[in-house]
Amino acid sequence: MTTATPATLAWQSERGRLIGIAYRMLGDFGHAEDVVSDVAIEAVQAERGAPPIRSWPAWLTTVCVRRSIDRVRQLAAVREEYPGAWLPEPVATALLPEDAVANRELLSLSLLHLAEQLPPEARAALILSRAFELTAPEIGEVLDKSPAAVRQLISRAERRLRIDPDAAAPRPADRPALERLVTAIANGDLETVMSLFAPDAVLYSDGGGKVRAARNPIYGGANIARFYLGIFAKTAAEHPDAPMQVAVFEVNDAFVIAFDSPGRRDVLEIAYDDAGHVIEVHQISNPDKLTRMPS
């Protein structure tokens, strides 16, 4: 029987937290798992070398962040060539390690999408600060920067993403609000659907070139309302014996809508403004990104 080494035990203990860091950095669960597996290999190699590791959690965090930054840079060119909007991969909350969702900060699809705009080190600093509550000196050790430089990275990232540095994580859409929207769309009630959207709402759609999807964002609540009513009407006409199925699931520690029709699934994360109107929709339709959704 093989005895687990300190490196292996530490990696097993920290794996959920490392997945949480890497997934927030990459917006792709498969790439996050790859990074964390690479960290395990490096940990075993480091254990055999010198000097000895003083703090395995700190060492694992540092290596995970640096490998995630490397992977972000490797993926940048691929995502620039992606057909249409690139949106993060949704993951059923039940499939996420408990340590990955201990704090829902920067876990929503909308914030993961926005974080793509940040330079990799700024993204890492914001994630470690907001989602994992590391201090500026601790983050500085990870990124090899001074605490002042780290605080500046975090401040700029919060402004870019319009995050209130003193506020808690925003509350995700609740099930009753989503069910009201679903019911209005299913009933073809244009007036009600339009009333649920903010006038300046925006829809981002990711089909990945695998299924039909809007290549460019759709702006305006009225336009988005008509878009979804049109989809329902078209599906009903094309598949009269297989009506579209609609369900609400928990994904990324928030509720989302799933539309199922013959040959495709669309998953929608809905963001609301303070007045309770839909302000943003992220629709993931690329089937390659829906393998970790509830069935």
Side-chain angles (χ1 to χ4, degrees), residues 11 14-39 57-58 60-76 78-79 86-136 138-139 142-143 150 153-165 167-172 204 206 250-254 256 267 269 271 280 282 284 289 292-293:
W11 180 85
E14 296 291 319
R15 180 181 178 276
R17 189 173 64 86
L18 300 177
I19 287 284
I21 292 171
Y23 175 61
R24 285 172 171 86
M25 285 289 297
L26 297 161
D28 183 297
F29 199 75
H31 280 296
E33 289 183 315
D34 289 345
V35 165
V36 174
S37 294
D38 290 343
V39 172
L60 291 166
T61 298
T62 298
V63 175
C64 180
V65 169
R66 292 179 180 177
R67 296 299 163 265
S68 295
I69 288 173
D70 291 342
R71 188 67 64 98
V72 167
R73 290 172 174 152
Q74 292 167 7
L75 293 172
V78 175
R79 292 181 179 176
W86 183 93
L87 297 180
E89 175 192 11
V91 181
T93 301
L95 297 180
L96 288 168
E98 184 176 341
D99 288 347
V101 294
N103 185 332
R104 66 162 55 99
E105 284 275 14
L106 295 172
L107 193 58
S108 73
L109 298 177
S110 57
L111 279 180
L112 288 175
H113 181 213
L114 278 175
E116 283 287 306
Q117 303 174 17
L118 299 175
E121 289 189 339
R123 194 184 313 180
L126 184 66
I127 288 166
L128 294 176
S129 171
R130 296 285 298 189
F132 296 92
E133 299 179 344
L134 270 65
T135 64
E138 289 170 332
I139 298 169
V142 173
L143 298 178
V150 168
L153 280 176
I154 294 169
S155 177
R156 288 176 176 171
E158 288 174 336
R159 288 198 301 273
R160 184 77 177 268
L161 272 58
R162 298 180 183 176
I163 295 175
D164 183 345
R171 292 181 60 83
Y204 300 95
D206 177 350
E250 191 171 352
V251 170
N252 288 50
D253 201 32
V256 300
V267 173
E269 185 196 65
E280 200 167 83
H282 287 81
I284 299 92
K289 292 186 177 182
R292 294 180 174 86
M293 281 289 299

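Remember, predicted model here, so these are calculated numbers, not experimental data.
Nearest heavy atom pair, residue Glu89 against residue Lys289, reads CG-O, 3.4 Å. Nearest heavy atoms, Cys64 versus Val39: CA-CG2, 3.7 Å. Scanning all heavy atoms of the two residues, the minimum distance from Pro97 to Gly16 falls at CB-CA, 3.5 Å.
Remark: the backbone N or O of Leu60 is not paired with any side-chain donor or acceptor of Trp11 at under 3.5 angstrom. Panel note: side chain Arg24, backbone Gly20; a donor-acceptor pair is recorded below 3.5 Å. With Asp206 contributing its side chain and Ile284 its backbone, the two residues share no donor-acceptor pair below 3.5 Å. Side chain of Asn252 to main chain of Leu107: a donor-acceptor pair is present (N/O by atom type, distance under 3.5 Å, no hydrogens or angles).
Atom CZ in Arg67 sits 14.0 Å away from atom CD1 in Ile21 (nearest 0.5 Å). Once rounded to the nearest 0.5 Å, the distance linking CG of Leu161 with CG of Leu106 reads 7.0 Å. Atom CG of Leu95 is separated from atom CD1 of Ile19 by 12.0 Å, given to the nearest 0.5 angstrom.
In this structure, the side chains of Asp28 and Leu75 stay at 4.5 Å or more apart for every pair of heavy atoms. The shortest side-chain heavy-atom distance between Val78 and Trp86 does not fall under the 4.5 Å cut-off. Between Val72 and Leu26 the shortest side-chain heavy-atom distance falls below 4.5 Å. The shortest side-chain heavy-atom distance between Ile69 and Met25 falls under the 4.5 Å cut-off. Here the side chains of Glu269 and Val251 are not in contact, with every heavy-atom distance at 4.5 Å or above. A 4.5 Å side-chain heavy-atom check between Glu138 and Thr61 finds every atom pair outside the cut-off. Looking at heavy atoms from C-beta onward, Leu96 lies out of side-chain contact with Asp253 at the 4.5 angstrom threshold. Contact annotation: the side chain of His113 approaches that of Pro88 to within less than 4.5 Å [non-hydrogen atoms, C-beta and beyond].
With sequence neighbours excluded, the residues that form a side chain to side chain contact (heavy atoms under 4.5 Å, CB included) with Asp99 are Arg17.
For the pair Glu280 and Arg162, the salt-bridge criterion is not met [side-chain N within less than 4.0 Å of a carboxylate O]. Looking at Glu158 and Arg130, a side-chain N of the basic residue comes within less than 4.0 Å of a carboxylate O on the acidic one, giving a salt bridge.
Each salt bridge (Lys or Arg N to Asp or Glu O under 4.0 Å) pair with one or both residues in residues 111-128, not counting sequence neighbours, appears once here: Arg79-Glu116, Glu116-Arg123, Glu121-Lys145.
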Next item on the list: Check the pair Tyr204 / Leu109 against side chain to side chain contact (heavy atoms under 4.5 Å, CB included), numbers first and verdict last.
Entry: CA-CA 11 Å; Tyr204 300 95; Leu109 298 177; over 6 Å; no

Note to self: Please evaluate residues Glu33 and Arg15 with respect to the criterion side chain to side chain contact (heavy atoms under 4.5 Å, CB included), reporting the C-alpha separation (whole Å), side-chain torsions for both, the decisive distance (0.1 Å), and the verdict.
What the structure shows: CA-CA 9 Å; Glu33 289 183 315; Arg15 180 181 178 276; 3.9 Å; yes

Item checked: Steps toward side chain to side chain contact (heavy atoms under 4.5 Å, CB included) verdict (Leu112, Tyr23) -> CA-CA 9 Å; Leu112 288 175; Tyr23 175 61; 3.9 Å; yes

Checklist line | Full working for side chain to side chain contact (heavy atoms under 4.5 Å, CB included) between Val150 and Leu128 | finding: CA-CA 11 Å; Val150 168; Leu128 294 176; over 6 Å; no

